[in-house]
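Just so you know, these numbers come straight off a predicted model, no measurement behind them. Chain naming here is simple, since letters A, B, ... match the order of the sequence lines and numbering starts at 1 in each.
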There are 2 protein chains.
Amino acid sequence: MQDHPKKSDQNIDFGVLDEFLGYRLRRAQMNFFAKFGEVCDDLGISPGLFAVLAIVDRNPGLTQTAVAQALGNDRSAMVAAVDKLEGKKLLERRPAANDRRSYALFMTEEGTAFFANAVERVSCYENEMAKCLESDKEKQWLLDMLERLAHKSL
Amino acid sequence: MQDHPKKSDQNIDFGVLDEFLGYRLRRAQMNFFAKFGEVCDDLGISPGLFAVLAIVDRNPGLTQTAVAQALGNDRSAMVAAVDKLEGKKLLERRPAANDRRSYALFMTEEGTAFFANAVERVSCYENEMAKCLESDKEKQWLLDMLERLAHKSL
DNA sequence: TATTGTTATACTCTATAACTATA
DNA sequence: TATAGTTATAGAGTATAACAATA
């Protein structure tokens, strides 16, 4: 075999994919998720669960639905997420004061410490990844850009 | 209810999520996928299938495994993808010349036309989304940045 | 009537392991 | 022995619809 040189990874033509933000965003994001998995492997939390903790940590007392809306996913998906986090004693559901239909979410003491540790790890690899960027100003510019792209409508 | 103003979507504190590229990348990418779905709804292809077509279109004769490697996913995932695309008569498997284990992938005529049409649609909404960016130079800068972030290792 | 949490369900995407036929 | 395609399978993520309790 290999009498004729084959197309290898290096010389594949990506065509329009090279110019599409959608494709490039996906590849970059996949890499970030993979790195998150490596760094937080033993913690037993996914990027999604990390995001829930981040919201509850800064906004104690929110309902499940409010957290779901903030993160842009369906409230039905929050049930399993909160179940897991409550099972790990990282947060807890308390009956809401004014509405007996809903729960208010609060971090436990253990959860606060756990999350602080997780933030430290994630910050560490985020900074490592950000070494692709020239300056802190460039990173801020990129963050603003991504925020705009996340909310742009057609 | 609502005697005390509740925390609404507008004043939720996203904490560290606001500074994390990983989170911002995910939100931006989710928006792009949602827009792709809206625009290509009737075409019956996902972003993943579109990417396969893009690679085969520009690199006729590649094996399934080569396409999988180019796109960064497992070769087992290619089976269903190629099955779907072949079922829609957009590409075809031909026995590889030198290796009876593998197939070479080629676009059909119909597939070429279909893909050209899809590219037109996706380009259209990509351009609309890119209006978030100040200039074409900025877009190129963003694409380069995303490419680096996609390949950065810890 | 509308909303909260929940359940059931389903669909996509992704990854792993094992099998077969070839190399 | 190693590789290409395949199959079976399992896990995560996401979304929809419907229900009971409550507003």
*Rounding to a whole Å, what distance do you find between A:Met78:CE and C:dG5:P?*
9 Å
*Would you call A:Lys88 and A:Glu86 a salt bridge, using N to O less than 4.0 angstrom?*
no
*Assign each of A:Met30 and A:Val79 to its nearest nucleotide of DNA chain C by heavy atoms, then name whichever residue's nucleotide is nearer the 5' end.*
A:Val79
*Rounding to a whole Å, what distance do you find between A:Asn98:CG and C:dT3:P?*
18 Å
*Separation of B:Asn73 atom CG from D:dG11 atom P, in whole Å?*
21 Å
_Upstream residue (5' side of DNA chain D) when B:Tyr103 and A:Pro47 are each assigned their closest nucleotide_ = B:Tyr103
*asked:* Does this structure show an ion pair linking A:Arg24 with A:Glu19, if we count only N-O contacts that are shorter than 4.0 Å?
replied: no
*asked:* Strictly by side-chain hydrogen bond (donor to acceptor under 3.5 Å, both in side chains), give each pair with a member in residues 115-124 of chain A just once, sequence neighbours left out.
replied: A:Asp42-A:Arg121
*What's the CD-P distance between B:Gln29 and D:dG13, to the nearest Å?*
14 Å
*Ignoring hydrogens and angles, answer whether the base of D:dT14 and the side-chain atoms of A:Ser76 contain a donor-acceptor pair closer than 3.5 Å.*
no
*d(CG, A:Asp74; P, C:dA8) in whole Å*: 17 Å
*For this output row, return yes or no: ring centroids of A:Phe20 and B:Phe32 closer than 6.0 angstrom.*
no
*Would you indicate, yes or no, if C:dG5 has its OP1 or OP2 atom less than 4.0 angstrom from a side-chain nitrogen or oxygen of A:Thr65?*
yes
_Tell me whether the side-chain N/O atoms of B:Ser46 come closer than 4.0 Å to OP1 or OP2 in C:dT12._
no
*Cationic tip of B:Arg94 above B:Phe106 ring, under 6.0 Å, 45° of axis*: yes
*What is the distance from CG of B:Asp99 to P of D:dG5, rounded to the nearest Å?*
8 Å
*To the side chain of A:Arg100, which of C:dA15, D:dA23, D:dT6 is closest?*
D:dA23
_Output the rounded distance in Å from CZ (B:Arg26) to C1' (D:dA12)._
12 Å
*Using a cut-off of strictly less than 4.0 Å, decide whether A:Arg75 has a side-chain nitrogen or oxygen near OP1 or OP2 of C:dT7.*
no
*Check every atom of C:dT14, C:dT4, D:dT6 against the side chain of B:Gln64 and return the nucleotide holding the closest atom.*
D:dT6
*Rounded to the nearest angstrom, tell me the gap between atom CG in A:Asp83 and atom C1' in D:dA12.*
16 Å
*Using the closest heavy atom to pick a nucleotide of DNA chain C for each, name whichever of B:Ala77 or B:Arg101 lands nearer the 5' end.*
B:Ala77
